[in-house]
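Before any comments, here is the structure.
Since the model is a prediction, treat every value here as computed from it, not as a measurement. Heavy-atom basis, side chains included; hydrogens, waters and symmetry copies ignored.
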Amino acid sequence: MLSDRLRTALDNLLPDDGEDESYLLHGERLRDAAVLVAFTDRPEPGVILTQRPQWLRSHAGQVAFPGGKIDPGDRDAIDAALREAEEEIGLHRRDVAIAGTTTPYRSGSGYHITPVLGVIPPDLPLDPNPDEVEDWFEVPLDILFDPGNYARRHANWQGQDRHYFDMDWQGRRIWGVTADIIINLARRLPAGWHR
């Protein structure tokens with residue numbers, strides 16, 4: 001089963017030499033958040049991503065994993081990621097086989113984000129909440145987790161040079177924190193873990 005292979009891969013992660021945006025931070029206290037990296041259990045697995053609505057004040061239109069801030073009522077990062085996935089795309093926690101978590105990512109926007117990895121059945125009838133998600137989509141794992149599919153870019157952000165990964169997939173731009181989390185995982189998971 002894919003969930004067993006993912007658990008084994010998490011137990012055998014390669015050293016963490018990944019990047020984050022801590023170089024953009026200046027000692028401010030980070031807010032805890034969690035995202036769900038949901039792999040679809042099919043012969044050629046995919047990963048579920050969301051597209052945020054264009055009208056949002058922050059991160060409008062951006063591609064992201066389901067997730068958000070860890071609330072006081074959440075038991076831990078896993079509970080927060082599952083709650084957010086249910087709120088955002090109607091993914092019920094009973095449908096997620098949690099494999100574990102990986103190294104938190106520090107974002108330049110002030111979040112300490114824990115990626116929660118899980119496996120879901122393919123072709124679930126997900127129902128996006130229009131207040132939080134414009135759409136959801138699945139990207140094949142072999143495409144999404146191939147660092148060769150990303151361009152390395154930089155831009156000036158709040159007076160600092162910001163480096164990030166960027167990929168276009170079927171007209172959707174996967175970049176920034178989402179792409180960094182993907183690239184960090186791709187570099188640490190053992191090659192061919194899902195086969």
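- Atom OG1 of T103 is separated from atom CG of L185 by 8.5 Å, given to the nearest 0.5 angstrom.
- Between the side chains of E138 and T40, at least one donor-acceptor pair of N or O atoms lies under 3.5 Å.
- E88 approaches P66 most closely through the heavy-atom pair OE1-CA, 3.2 Å.
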Return all side-chain donor-acceptor pairs below 3.5 angstrom for residues 116-125, not counting sequence neighbours, or 'none' if the list is empty.
residue : atom : partner : partner atom : Å
D123    : OD1  : R42     : NH2          : 3.1

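- Side chain to side chain, Y105 and N184 fail the donor-acceptor criterion of an N or O pair below 3.5 Å.
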Can S3 and D41 be said to form a side chain to side chain contact (heavy atoms under 4.5 Å, CB included), step by step?
CA-CA 8 Å; S3 57; D41 193 0; 5.8 Å; no
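- We find that R94 and E86 are not joined by a salt bridge, their nearest charged nitrogen and carboxylate oxygen being 4.0 Å or further apart.
- Under the 4.5 Å side-chain heavy-atom criterion for grouping Ile, Leu, Val, Met, Phe, Trp and Tyr, L2 is not connected to L91 through any hydrophobic cluster.
- Counting heavy atoms from C-beta outward, L36 and E84 have side chains that stay 4.5 Å or more apart.
- A salt bridge links D79 to R93: one of the charged nitrogens lies within less than 4.0 Å of a carboxylate oxygen.
- A donor-acceptor distance shorter than 3.5 angstrom exists from the side chain of R5 to the backbone of H194, with no hydrogens or angles considered.
- There is no path of hydrophobic side-chain contacts, each under 4.5 Å, that joins I78 to L6.
- A cation-pi geometry, defined here as NZ or CZ lying under 6.0 Å from the six-membered ring centre and within 45° of its normal, does not hold between R153 and Y164.
- A salt bridge does not link D168 to R173: none of the charged nitrogens lies less than 4.0 Å from a carboxylate oxygen.
- Between R188 and N12, the closest side-chain pair of non-hydrogen atoms is not below 4.5 Å.
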Show your working on side chain to side chain contact (heavy atoms under 4.5 Å, CB included) between H112 and R31 and close with a plain yes or no.
CA-CA 6 Å; H112 184 260; R31 295 164 286 183; over 6 Å; no
Stepwise salt bridge (charged side-chain N to carboxylate O under 4.0 Å, His left out) check, D142 with R195:
CA-CA 11 Å; D142 287 338; R195 305 240 182 260; 2.5 Å; yes
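- The closest donor-acceptor contact from the side chain of N129 to the backbone of D131 lies under 3.5 Å.
- Across all their heavy atoms, P43 and P45 have their closest contact at O-CD, 3.4 Å.
- A donor-acceptor pair is defined here as one N or O able to donate and one able to accept, closer than 3.5 Å; no such pair exists between the side chain of T178 and the backbone of I174.
- In plain terms, the two heavy atoms of I70 and A77 that are nearest each other are CD1-CA, 3.8 Å.
- Hydrophobic clustering places L144 together with I181 (ILVMFWY residues linked when any side-chain heavy atoms are closer than 4.5 Å, directly or through intermediates).
- P147 and I183 get closest at one heavy-atom pair: CA-CD1, 3.7 Å.
- Using a 4.5 Å cut-off on side-chain heavy atoms (C-beta onward), M167 and W175 make no contact.
- Linking Ile, Leu, Val, Met, Phe, Trp and Tyr whenever their side-chain heavy atoms come within less than 4.5 Å leaves L14 and L141 in two separate clusters.
- Counting heavy atoms from C-beta outward, H163 and R152 have side chains that approach closer than 4.5 Å.
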Let me see the working for D135 and T50 under side chain to side chain contact (heavy atoms under 4.5 Å, CB included), right down to the final yes or no.
CA-CA 6 Å; D135 197 10; T50 66; over 6 Å; no
Step by step, work out the side chain to side chain contact (heavy atoms under 4.5 Å, CB included) result for L126 and I89.
CA-CA 6 Å; L126 301 177; I89 59 173; 3.9 Å; yes
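- Note on K69 versus D32: no salt bridge recorded, every NZ/NE/NH1/NH2 to OD/OE distance being 4.0 Å or above.
- For the pair I48 and W136, the minimum side-chain heavy-atom distance is below 4.5 Å.
- Contact check for L189 versus L13: side-chain heavy atoms found under the 4.5 Å cut-off.
- Using a 4.5 Å cut-off on side-chain heavy atoms (C-beta onward), E134 and R52 make no contact.
- With hydrogens and angles ignored, the 3.5 Å screen pairs no side-chain donor or acceptor of D166 with any backbone N or O of A151.
- When the side chains of ILVMFWY residues are joined at heavy-atom separations under 4.5 Å, either directly or via intervening members, Y111 and V35 end up in a single hydrophobic cluster.
- Using a distance-only test at 3.5 Å, with no hydrogens or angles considered, no donor-acceptor pair links the side chain of T114 to the main chain of A34.
- Taking the six-membered ring where the residue is Trp, Y150 and F165 present perpendicular rings, their angle passing 60° and hence far from 30°.
- For W193, the ring-ring contact (aromatic ring centres under 6.0 Å, His included) partners at least two apart in sequence or on another chain are F39.
- Between T8 and D11 there is no side-chain heavy-atom pair separated by less than 4.5 Å.
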